[in-house]
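One structure is given here, and the rest of the page talks about it.
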Amino acid sequence: MENQFNPPEIALLAIIQAEDTDGAMYELDNLGVFSTNLPSVGGFLGRRNATLFIATPPDRIPEVLDALRKTCKQRMEYISTHIESVSVPMPMPIPVTVGGATVFTIPMDRFEEFY
Ligand code: 2BA
């Protein structure tokens, strides 16, 4: 059997912080929007984050973005660097602001479900 009913036309890839995953997925689930959590790692900080794969009809994109806005918070992370002017290695934390959510919107050519 194949699902032909109301096929989603847009794929959203939302990179969010790992801590926000449960809240975001819960909120999307409450909206009746399907999401898949792909564990990922940020290239800059090298820390675990999450990529939510969300396939949706275009008219639901605003609701999805609102749900992500509500549940995904900006945070300060720190990377450690060394002060060069001192003889003993001394780590110096540098603050880095990490979003919210980084969302890519991608048109989908096909959507199929096989049962
Ligand atoms: P990360 O690559 O670990 O980046 C974490 C944060 O570090 C970024 O937060 C940004 O504030 C800073 N950052 C990243 N690259 C930088 C660089 N070359 N120079 C200075 N600062 C830099 P966000 O922008 O909120 O990004 C959060 C996560 O979203 C990223 O984790 C990455 O996994 C993803 N991301 C952001 N923009 C992306 C893009 N254009 N393509 C693919 N993934 C992206």
Side-chain angles (χ1 to χ4, degrees):
M1 196 171 85
E2 293 185 25
N3 183 359
Q4 292 291 316
F5 177 71
N6 199 18
E9 295 158 45
I10 297 291
L12 298 176
L13 283 177
I15 304 168
I16 64 173
Q17 292 179 63
E19 300 91 310
D20 294 327
T21 313
D22 288 348
M25 291 185 85
Y26 180 78
E27 199 66 30
L28 292 169
D29 196 41
N30 276 346
L31 290 175
V33 172
F34 288 103
S35 66
T36 300
N37 172 14
L38 309 168
S40 46
V41 174
F44 187 69
L45 294 177
R47 292 187 195 150
R48 195 168 60 88
N49 55 24
T51 301
L52 297 187
F53 179 86
I54 306 157
T56 177
D59 61 335
R60 302 211 66 189
I61 291 176
E63 286 175 77
V64 170
L65 296 182
D66 277 350
L68 295 175
R69 238 178 243 116
K70 187 169 145 191
T71 51
C72 300
K73 304 292 174 213
Q74 200 175 63
R75 293 187 184 84
M76 198 71 91
E77 293 283 340
Y78 291 89
I79 48 172
S80 189
T81 182
H82 290 278
I83 304 170
E84 285 179 17
S85 55
V86 292
S87 50
V88 280
M90 193 180 284
M92 185 177 69
I94 306 275
V96 178
T97 307
V98 187
T102 302
V103 184
F104 300 88
T105 305
I106 303 160
M108 273 198 303
D109 287 342
R110 285 170 71 114
F111 170 81
E112 282 156 53
E113 282 182 312
F114 300 100
Y115 297 101

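Read the numbers this way: they start at 1 and go in the same order the structure lists the ligands and their atoms. Quantities reported herein were computed from a predicted structural model and do not represent experimental measurements.
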[atom]: which protein heavy atom is closest, and how many Å away?
atom: atom 4 (O) of ligand 1; value: Phe44 CB, 3.5 Å
atom: atom 40 (N) of ligand 1; value: Phe104 CZ, 4.1 Å
atom: atom 27 (C) of ligand 1; value: Val98 CG1, 3.9 Å
atom: atom 30 (C) of ligand 1; value: Asn49 ND2, 4.3 Å
atom: atom 23 (P) of ligand 1; value: Gly99 N, 4.0 Å

Shortest heavy-atom approach to atom 26 (O) of ligand 1 - which of Leu13, Thr102, Thr97, Ile15: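 Result: the heavy atom closest to atom 26 (O) of ligand 1 is in Thr102.
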Element-labelled atoms of ligand 1 that are located less than 4.0 Å from some non-hydrogen atom of Val96: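 This gives 6 (C), 7 (O), 11 (O), 12 (C) as the contact atoms.
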Residue Gly42 vicinity, atoms of ligand 1 by number, heavy atom under 4.0 Å: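 Atoms satisfying the 4.0 Å criterion: 1 (P), 2 (O), 3 (O), 31 (O), 33 (O).
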Leu45, portion touching ligand 1 at heavy-atom distance under 4.0 Å: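 Both parts.
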Over 12 foreign heavy atoms within 6.0 Å of CZ, Arg48: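 Incorrect, the count does not exceed 12.
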Donor-acceptor pair, side chain of Gln17 and main chain of Gly99, under 3.5 angstrom: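 Yes.
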Under 3.5 Å: donor-acceptor pair, side chain of Arg60, backbone of Leu31: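 Checked: pair present.
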Under-4.0 Å heavy-atom contact between protein and atom 37 (N) of ligand 1: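 It does: a protein heavy atom is found less than 4.0 Å away from atom 37 (N) of ligand 1.
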Spatial distance of atom OG1 (Thr71) from atom CG (Asp22) [nearest 0.5 Å]: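 It comes to 10.5 Å.
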